[in-house]
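So that the names make sense, note that chain A is the first sequence line, chain B the second, and so on, each numbered from 1.
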Number of protein chains: 2
Amino acid sequence: MSAIEFSDHDHAACMRSTMQAAEAQCAARGLRLTPVRRRTLEILLAEHRALGAYDLLARLSEEGLGTQPPVAYRALDFLVKAGLAHKIEALNAYVGCVQPGEDHAPAFLICRGCRSVAEAETKPAQSRLGEAARAAGFRIERSVVEAEGLCPACQESDA
Amino acid sequence: MSAIEFSDHDHAACMRSTMQAAEAQCAARGLRLTPVRRRTLEILLAEHRALGAYDLLARLSEEGLGTQPPVAYRALDFLVKAGLAHKIEALNAYVGCVQPGEDHAPAFLICRGCRSVAEAETKPAQSRLGEAARAAGFRIERSVVEAEGLCPACQESDA
DNA sequence: TTCGGTATTGATATATTATAACAGGGGTGT
DNA sequence: ACACCCCTGTTATAATATATCAATACCGAA
Ligand SMILES: [Zn+2]
Ligand SMILES: [Zn+2]
Ligand SMILES: [Zn+2]
Ligand SMILES: [Zn+2]
């Protein structure tokens with residue numbers, strides 16, 4: 001749980017292994033990782049940052065993979081539903097998942113300086129919120145846990 | 001921590017006391033609860049539900065309090081900054097705060113059936129996410145904790 | 001009270017994020 | 001070939017949010 005996203009790491013290897021895991025997931029579950037979807041995932045994974053749908057679209061467009069918003073939103077919807085990417089609600093932006101497939105309830109650390117995003121694990125049922133939900137008879141189906149702040153690198157350049 | 005929002009309660013009294021607390025807060029801190037802001041807060045508090053900015057604007061507009069988006073967004077910004085309302089990031093919508101003033105880090109239970117919202121307390125520093133943040137050297141400034149699901153009432157009508 | 005700064009409102013325009021709707025293409029199994 | 005389903009291309013539009021500037025209201029100091 002050490003937030004590899006904010007640390008120096010062999011990111012080329014990080015991307016390769018994540019893409020392989022994504023492909024394995026799709027193969028196992030009969031999902032089609034088409035060229036647009038695959039490239040979208042690569043773009044998202046290229047940096048551990050949140051990217052807006054229209055920024056993504058601009059990148060896809062440069063590569064001739066589509067020019068209209070639905071292209072980007074469809075690819076993102078697919079990836080999010082497949083658990084290969086996540087939406088960051090606080091930013092209306094999207095980030096590639098670094099542990100694809102495991103059906104997890106992720107929590108995010110989001111740097112407001114550089115938009116880097118690290119993914120942690122939650123156990124929502126254990127949390128104070130889970131207790132409150134049980135007490136109220138509320139049935140949790142999905143949880144959004146996002147913390148905004150400054151990553152180590154941006155704290156230093158914070159003056 | 002009993003999520004009064006989903007229970008039967010004397011809501012007229014609930015609103016009155018919340019409005020009084022809000023006024024007290026504003027008085028104490030030199031903030032101006034102008035007519036639009038006050039009415040906005042009343043509308044948000046009228047039900048324990050999330051309301052979109054444009055829905056709010058429609059209500060304000062019926063009452064002659066303004067017709068253009070900035071009217072609604074300014075009032076909402078004021079209330080959110082003052083801690084009298086909260087933005088629900090997962091819905092891009094807004095809800096009145098039932099414990100105004102205390103500088104709290106709220107967590108929300110959001111019903112996807114009726115958009116009712118209950119507010120609980122978090123202690124983000126205690127959470128698993130807080131641990132991950134400390135381990136990574138990340139400095140949390142703001143946290144978003146939202147759980148979507150079904151409230152007791154909507155579970156019953158869920159068929 | 002008058003002045004001058006600050007906060008608020010009014011109004012226009014525009015930016016950003018997201019979806020609806022429908023036609024075309026390309027496989028797969030019968 | 002045919003029907004079926006999924007994916008893509010395209011046009012249009014919806015929903016959410018902000019920038020900007022002028023006019024006004026408020027408030028404290030002179
Ligand atoms: Zn990496
Ligand atoms: Zn950073
Ligand atoms: Zn109430
Ligand atoms: Zn409900």
Side-chain angles (χ1 to χ4, degrees), chain A residues 23 26-27 29-41 43-44 49-82 84-95 110 112 115 144 146, chain B residues 23 25-41 43-44 49-82 84-95 110 112 115 144 146:
Chain A
E23 275 170 37
C26 288
R29 296 159 58 196
L31 301 175
R32 291 164 57 186
L33 194 58
T34 62
V36 195
R37 294 169 175 177
R38 164 179 258 280
R39 189 67 192 118
T40 294
L41 182 53
I43 290 169
L44 289 181
R49 291 174 190 248
L51 203 60
Y54 281 77
D55 295 331
L56 167 66
L57 179 58
R59 305 281 299 275
L60 292 175
S61 174
E62 285 169 8
E63 307 179 16
L65 286 169
T67 59
Q68 298 307 316
V71 171
Y73 282 103
R74 283 168 182 158
L76 290 168
D77 285 352
F78 169 85
L79 295 174
V80 168
K81 286 197 179 120
L84 305 178
H86 302 292
K87 180 172 186 183
I88 305 297
E89 298 287 352
L91 300 179
N92 293 318
Y94 302 83
V95 69
I110 304 160
R112 67 168 162 78
R115 278 170 81 105
V144 174
E146 299 174 354
Chain B
E23 276 170 35
Q25 276 294 314
C26 289
R29 297 159 55 195
L31 301 174
R32 291 163 58 185
L33 194 59
T34 62
V36 194
R37 293 169 177 177
R38 164 180 258 281
R39 190 67 193 117
T40 294
L41 181 53
I43 290 169
L44 290 180
R49 288 174 191 249
L51 203 60
Y54 282 76
D55 294 332
L56 168 66
L57 179 59
R59 305 282 299 275
L60 292 175
S61 173
E62 286 169 7
E63 306 180 16
L65 287 169
T67 60
Q68 300 306 316
V71 171
Y73 282 101
R74 283 165 179 162
L76 291 168
D77 284 351
F78 170 85
L79 295 174
V80 168
K81 285 197 181 122
L84 305 177
H86 302 292
K87 179 170 187 184
I88 305 298
E89 298 288 352
L91 301 179
N92 293 318
Y94 304 82
V95 68
I110 305 161
R112 68 168 163 78
R115 274 171 85 102
V144 174
E146 299 172 355

Side chain to side chain contact (heavy atoms under 4.5 Å, CB included) between B:Leu51 and B:Tyr94, worked out: CA-CA 5 Å; B:Leu51 203 60; B:Tyr94 304 82; 5.7 Å; no
- prompt: Hey, mind stepping through A:Leu60 and A:Thr40 against side chain to side chain contact (heavy atoms under 4.5 Å, CB included) and telling me if it holds?
  reply: CA-CA 7 Å; A:Leu60 292 175; A:Thr40 294; 3.7 Å; yes
statement: Between B:Gly52 and B:Ala93, the two heavy atoms sitting closest are N-CB, 4.1 Å
Whole Å only: how far is the [atom1] atom of [X] from the [atom2] atom of [N]?
X       : N      : atom1 : atom2 : result
B:Tyr94 : D:dA15 : OH    : P     : 16 Å
A:Glu89 : D:dA15 : CD    : P     : 18 Å
B:Tyr73 : C:dT14 : OH    : C1'   : 14 Å
A:Leu76 : C:dT19 : CG    : C1'   : 14 Å
A:Leu91 : C:dA18 : CG    : P     : 11 Å

- prompt: With distance as the sole test, does A:Arg29 use its side chain to make a donor-acceptor pair with the main-chain N or O of A:Ala82 at under 3.5 Å?
  reply: yes
- prompt: With a 4.5 Å heavy-atom cut-off, do B:Leu56 and B:Ile43 have their side chains touching?
  reply: yes
query: Which of these, A:Leu44, A:Leu31, A:Leu79, sits in a side chain to side chain contact (heavy atoms under 4.5 Å, CB included) with A:Leu84?
result: A:Leu79
Using a cutoff of under 3.5 Å, can you pull out all pairs of nitrogen or oxygen atoms linking the protein to nucleotides 6-11 of chain C, with atom names and distances?
from: C:dT8; atom 1: OP1; to: B:Arg37; atom 2: NH1; distance (Å): 2.8
from: C:dT8; atom 1: OP1; to: B:Arg37; atom 2: NH2; distance (Å): 3.4
from: C:dT8; atom 1: O5'; to: B:Arg37; atom 2: NH2; distance (Å): 3.3
from: C:dT9; atom 1: OP1; to: B:Thr34; atom 2: OG1; distance (Å): 2.8
from: C:dG10; atom 1: N7; to: B:Arg74; atom 2: NH1; distance (Å): 2.9
from: C:dG10; atom 1: O6; to: B:Arg74; atom 2: NH2; distance (Å): 2.6
from: C:dA11; atom 1: N6; to: B:Arg74; atom 2: NH2; distance (Å): 3.1

- prompt: Between B:Leu57 and B:Tyr73, does a side chain to side chain contact (heavy atoms under 4.5 Å, CB included) hold up when you go through it step by step?
  reply: CA-CA 9 Å; B:Leu57 179 59; B:Tyr73 282 101; over 6 Å; no
message: On the nucleotide D:dA17, are OP1 or OP2 found under 4.0 Å from the side-chain N or O atoms that B:Asn92 carries?
response: yes
message: Looking at B:Lys87, I'd like to know whether one of its side-chain N or O atoms comes within less than 4.0 Å of OP1 or OP2 on D:dT16.
response: no
- prompt: Counting only non-hydrogen atoms, which of residues 50-64 of chain B are less than 4.0 Å from DNA chain C?
  reply: none
message: I'd like to know whether A:Glu146 forms a side chain to side chain contact (heavy atoms under 4.5 Å, CB included) with B:Glu146, so could you lay out the CA-CA distance, the side-chain angles of the two residues, the decisive distance to 0.1 Å, and finally the verdict.
response: CA-CA 9 Å; A:Glu146 299 174 354; B:Glu146 299 172 355; over 6 Å; no
